[in-house]
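Letters A, B, ... mirror the listed sequences (proteins, then strands); counts begin at 1. As a basis for the values below, the full set of heavy atoms in this structure was taken, side chains included, without hydrogen atoms, waters or symmetry mates.
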Number of protein chains: 2
Amino acid sequence: MEPVRPKASAAPGFGRMTCLCSPEGNPVAVKLVDVARQAGVSPSTVSYVLSGNRPISEETRRRVEQAIADLGFKPHAGARSIRRQATNVIAMVLPMLEDGQRAVQMQFVFAVLAAARAQGRNLLLATAEDGVAEIHNLVDSAMVDGVIAMEIQVHDPRVPVLKELNRPAVLIGTPEDPEQLVHVDFDFAAAGAMCVRHLHDLGHRHIGWLGQSADTYAREAGYALRARDGALSAMAECGLPRVWSPMTATPAGAAEAIEDVFGQDPELTGLVVYNEQALPFVLSRLREIGREVPGRMSILAICPDDLAEHMVPAVSDVALPADELGRLAFERLAALIDGRAQPVSTLLEPRLNRRGSAGPPPR
Amino acid sequence: MEPVRPKASAAPGFGRMTCLCSPEGNPVAVKLVDVARQAGVSPSTVSYVLSGNRPISEETRRRVEQAIADLGFKPHAGARSIRRQATNVIAMVLPMLEDGQRAVQMQFVFAVLAAARAQGRNLLLATAEDGVAEIHNLVDSAMVDGVIAMEIQVHDPRVPVLKELNRPAVLIGTPEDPEQLVHVDFDFAAAGAMCVRHLHDLGHRHIGWLGQSADTYAREAGYALRARDGALSAMAECGLPRVWSPMTATPAGAAEAIEDVFGQDPELTGLVVYNEQALPFVLSRLREIGREVPGRMSILAICPDDLAEHMVPAVSDVALPADELGRLAFERLAALIDGRAQPVSTLLEPRLNRRGSAGPPPR
DNA sequence: TTGAAAGCGTTACCAT
DNA sequence: ATGGTAACGCTTTCAA
């Protein structure tokens, strides 16, 4: 029984297009059999040269590699993914955030992207807004080998989905019940406590916390809650009153929050600010009300280093290590995909950068 | 000749994993033939129900859809991409930018992502740092149906690559020689000119331009060059001297740039600021040197609306319509993928939001 | 309106 | 060390 239809490689439709041109003049995809023919070997040999799964003689390898280069052959990713169990693509699930968080978010994405590309893996973006169904789709249709979910909230609907996934998943952030899901996070509680203790060590006995917007707490963003509670616990342990206020990132919001904490403790001499967007407004406001930094008010911030560095005066800060977290999340995921067990929980420790915005309290 | 090895679906290895469980208890991928069997139809019928490429009786369709739902079947994307000419995935090529640009960049990514997801397409991220070879890889290995490249520079090495691609590509930004590549951009020249003319209309005859960092101009970033040159041309057309300075986004940088433009024209009464990061520092500095806004100095900014709105005083601005540009870029690409010809060039017109930071010059 | 079967491009098993 | 060939899971032509 001879095949009735023309051999595919003789007139191969209009698939991928690379170097070769058909007699008609339109560009045409180069495939593995074309390479095999050109090199005078069998298709399986070409495949083995590509995968390195079998010893190949030096001479044959040379001829095959030459043919690949000459024809500009690139293996078809889809075809490959049928036989291999992997696509070399991972997904990253982003929440749709308010404008203020975009810069941080991009930092995470870049960190993961850079780490993935360094290993030759590709990164697909998904949004949480698609609903958790989208995560299932990407995995069940075998588009991705694993998933990184970022901005995990305390009660996050994505967590149970990822748990049931049958594909590796890594969380950036800490849910209330991780259920054995591998996750990496910054130790926000330690960061908050570290700031309070630093002021306490300098001699401050009246310390306040200026946090994120009220609705950030309302939606139970893990980082906001944990940082604040770490700070409040440290205050309590130091025998200080727990003074704090949420803060909207506007000049008026900063003024209001400052008034709020002064209302709670009129003798405040130290403030910890965990609100990147509002930090400049806090400094302006303190200047306005005659509390110059650090002479009459000591300030610490949890914010990116470059932001803290450019304030006037430069602000001592604890920075979220987003690059490191992103890289670490990818490494965990890559390891899981390769079948290597990973620690369920990893917390990165905070580090304080002194820039002179915090000194001893005024006598 | 009976097949020697067991039928695949009888003991189908360990492929994708969904609802079904093998006798051994491990989860197993549901495939199209499983659906066909469950519905009592042939595989081709299931395929046609999925694709809608052939009329199906109501009764059959119902049974097939029921089986798909019952088994939780999701078509294997890779297998599908072999026969179809498409993967339903597009790539977005990002440059690795300095920190300051991250927020804007994320806005573009989100806009494209949202538009793509709304059409059921997925977004793959690539970085320019991989080198242009990576673009070729993604396309030649048939991983993506098309490419969006953002932050196109005046002389951009990606442009010739995209031109040779044999797959649709859309640029966000305008290269010197678009070579018929479809591109969308904000009319930065018009934006710059609009700001200058607005001040001129208010009666200002001494206007300066405070721009991006010197190295942004050095690497010939299209947006920086075009905005500045649009402004300088407008100054010339209004018969004014062309006064401008690059500006580093630090308090010192802002002070220096302000000194620079005052050196060029000591009678300046209006300033246009195209430097999102430095805008707060410019306002602080003007306050410091006794040029309060808008009484003794009128200010216009090219920056995001929410930033301008939160300055003290709120700053009249022209905003980069990143969301619209991202959405538009995706729509152009989707249309090209679907074979519909698109306009080569699209420029979005600037719009000025008045917030009261610009008034008549002091008499 | 439906089914059978021949691909799609790559991989891996079985031979030699 | 290499080749032949049957999968992989889905699509589409051809036939009924």
Open item on the list: Let's see if you can work this out: which of D:dC10, C:dG9, C:dA4 has an atom nearest to the side-chain heavy atoms of B:K31?
Closed with: D:dC10
Task: Length of the CG-P vector between A:D140 and D:dC10, whole Å - done: 12 Å
Task: Point-to-point distance, once rounded to the nearest 0.5 Å, from CZ of A:R63 to CD of A:Q38 - done: 10.5 Å
- [ ] Mind jotting down which residue pairs meet the salt bridge (Lys or Arg N to Asp or Glu O under 4.0 Å) criterion with at least one end in residues 329-345 of chain A? Sequence neighbours excluded, please.
- [x] A:R121-A:D338, A:R327-A:E331, A:D338-A:R340
Task: Distance-only donor-acceptor test (3.5 Å): side chain A:T45, base D:dG3 - done: no
Task: Nucleotide nearest B:Y48 (side chain, heavy atoms from C-beta), chosen from D:dT12, C:dT10, C:dC13 - done: D:dT12
TODO: Using whole Å, report how far CZ of B:R80 lies from P of D:dC8.
DONE: 19 Å
Open item on the list: Within residues 49-58 of chain B, which residues have any heavy atom lying less than 4.0 Å from an atom of DNA chain C?
Closed with: B:R54, B:P55, B:I56, B:S57
- [ ] May I have the distance from B:I82 (atom CD1) to D:dC8 (atom C1'), rounded to whole angstrom?
- [x] 8 Å
- [ ] For A:R84 and C:dT10, give me the distance from atom CZ to atom P, rounded to whole Å.
- [x] 11 Å
Open item on the list: Could you check whether B:D70 and B:Q66, counting side-chain N and O atoms only, form a donor-acceptor pair closer than 3.5 Å?
Closed with: yes
Task: Closest listed nucleotide, where the reference is the side chain of A:L32 and the choices are D:dG3, C:dT10, D:dT2 - done: C:dT10
Open item on the list: In this structure, how many angstroms lie between the P atom of C:dT10 and the CD1 atom of A:I68, rounded?
Closed with: 10 Å
Task: By side chain to side chain donor-acceptor pair (under 3.5 Å) - contacts of A:S47 (at least two apart) - done: none
Task: Test salt bridge (Lys or Arg N to Asp or Glu O under 4.0 Å) applied to B:E179 - qualifying residues, sequence neighbours left out - done: none
- [ ] Rounded to the nearest angstrom, tell me the gap between atom NE2 in A:H76 and atom C1' in D:dT11.
- [x] 13 Å
Open item on the list: Rounding to an integer number of Å, can you tell me how far B:Q85 CD sits from D:dC10 C1'?
Closed with: 14 Å
- [ ] Report the residues that fulfil salt bridge (Lys or Arg N to Asp or Glu O under 4.0 Å) with A:R117, sequence neighbours left out, ordered by chain and then residue number.
- [x] B:D130, B:E134
Open item on the list: Ignoring hydrogens and geometry beyond distance, is the side chain of A:R83 in donor-acceptor contact with the base of C:dT11 at under 3.5 Å?
Closed with: yes
TODO: Verify the distance criterion only: is there a donor paired with an acceptor across the side chains of A:H183 and A:S345 at less than 3.5 Å?
DONE: yes
Task: Degree of bending in the helix from C:dT1-D:dA16 to C:dT16-D:dA1 once both end axes are built from five pairs, to 10° - done: 40°
TODO: Keeping to residues at least two apart or across chains, list the salt bridge (Lys or Arg N to Asp or Glu O under 4.0 Å) pairs with something in residues 41-57 of chain A.
DONE: none
Task: D:dT5 OP1/OP2 closer than 4.0 Å to side-chain N/O of A:S44 - done: no
Open item on the list: Going by salt bridge (Lys or Arg N to Asp or Glu O under 4.0 Å), name the residues that satisfy it together with B:D145, two or more places apart in sequence or in a different chain.
Closed with: none
- [ ] Applying salt bridge (Lys or Arg N to Asp or Glu O under 4.0 Å), name anything that partners A:E164, two or more places apart in sequence or on another chain.
- [x] none
TODO: Please work out if A:V46 contacts a base, only the sugar-phosphate, or nothing of the nucleic acid, heavy-atom cut-off 4.0 Å.
DONE: nothing
TODO: Tell me which of A:E59 and A:A79 sits closer to the 5' end of DNA chain D, going by the nucleotide each one is nearest to.
DONE: A:E59
Task: Interatomic distance, B:M143 CE vs C:dG9 P [rounded to whole Å] - done: 17 Å
